[in-house]
2 protein chains.
Amino acid sequence: MVMELRRPERTFTIRQLCTEFKATPRALRFYEDKGLLTPARDGMNRVYSYKDRARLILILRGKRVGLSLQEIREILELYDEGDEAAHQNAHSLKKFREKIVVLERQREDIDGAIQELHAACERLETHLSQKRPDLLPKAADYDQVLRARLDGHAEMAMGK
Amino acid sequence: MVMELRRPERTFTIRQLCTEFKATPRALRFYEDKGLLTPARDGMNRVYSYKDRARLILILRGKRVGLSLQEIREILELYDEGDEAAHQNAHSLKKFREKIVVLERQREDIDGAIQELHAACERLETHLSQKRPDLLPKAADYDQVLRARLDGHAEMAMGK
DNA sequence: CGTCCCGCTTACGTCAACGTCAACAGAGAA
DNA sequence: TTCTCTGTTGACGTTGACGTAAGCGGGACG
């Protein structure tokens, strides 16, 4: 029987996910310990499904936006409990809305910070161009970097 | 001689700044310990200037966007060293540009997270409206909250 | 056969960013 | 004077998110 790679039936080892997302085995086991992941087992070894991988993606992004593992777990739990605990969910709804507000504020902060950094960069550039024009590095590279980032946005959704 | 309040000459006690920005004395002293603030002294007591206050604002926003105190200090140092250390500044310039890229990515992450939270909220709402319509709380409040936030944006700049 | 390498568990270590507590001082109010 | 408030300096505790090290087992390779 052929192994169906690249199909939803595909599975991953801990190391495959680690190298793909630049995490460490310790981190994945830690997430599991905290209830964010529950991979299957082959004997002792962990076996991650596509769904586990999708959850991991959400975990990592959650971390990048400053959510705690606890908060991330609450979000993830909404996806696998098809229903039940309606009372708890009413609470979740409130927390989520609050979190949205926090994130919107955070986005404004980020925009502000980006502007300040741009201003600081300009100051530095003019300062350097006057006193040490030699040190001015690859200045135009930056725009290229920005433009290069307008491409790959692998949108992942949770399993149906 | 009259105290010129509300003027750049005004000074602040540690508690005034703390209550204004919902920080703690411990935190401000900690920032000072790490070199992010250097308030004047009246005997033993700290005396914060308008400039110190502006720095504090930057510190707090830096924290909200996920910068470490170390990174924030580097940014602040660019403001009070009018010049000098051109070699170091060339390094700072590079780091700042990298940080801008990181922040732009972070903003994308936040947008994605907001969308997911919105989706989760909708799921929860329909779920609740079907099984427990009684628990559906002030649903429309949320939009009001959002609209309420389109106002006060106290833009602070560093002292000349 | 030994020896890597990957994986597992258990347990202790670490780092940032403060919180908490002790012990003290000066300024005003009762 | 005695409280109470606000301030100070250490020094130690805490929390979250892992890192690191010890010790063991199982395949694969030379």
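Throughout, protein chains are lettered first and strands after them, A, B, ... in sequence-line order, and every chain is numbered starting at 1.
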For a 4.5 angstrom cut-off between non-hydrogen side-chain atoms, does A:V65 reach B:I114? no

Shared ILVMFWY cluster between B:V102 and A:L67, side chains joined below 4.5 angstrom? no

B:D33 CG - D:dT9 P separation (whole Å): 9 Å

Within the 4.5 Å heavy-atom criterion, are A:D52 and A:L56 side-chain neighbours or not? no

Of all residues at least two apart in sequence or in a different chain, which pass the salt bridge (charged side-chain N to carboxylate O under 4.0 Å, His left out) check with B:R64? A:D109

Pairs under 3.5 angstrom, nitrogen or oxygen only, protein versus nucleotides 23-27 of chain D, please.
none

Tell me, which pairs form a ring-ring contact (aromatic ring centres under 6.0 Å, His included) where one or both residues lie in residues 17-48 of chain A, sequence neighbours left out? none

Would you say that B:L128 contacts A:L93 through its side chain, given a criterion of any heavy-atom pair below 4.5 Å between the two side chains? yes

Selection residues 14-27 of chain B - residue pairs positive for salt bridge (charged side-chain N to carboxylate O under 4.0 Å, His left out), sequence neighbours left out: B:E20-B:R53

With sequence neighbours excluded, residues passing side-chain contact (heavy atoms from CB on, under 4.5 Å) with B:T38: none

How would you summarise protein contacts on nucleotides 6-19 of chain C per nucleotide, using B for base, S for sugar-phosphate only and - for none, with heavy-atom distances below 4.0 Å? SSSB-B-----BBB

Rounding to a whole Å, what distance do you find between A:L28:CG and D:dA17:C1'? 13 Å

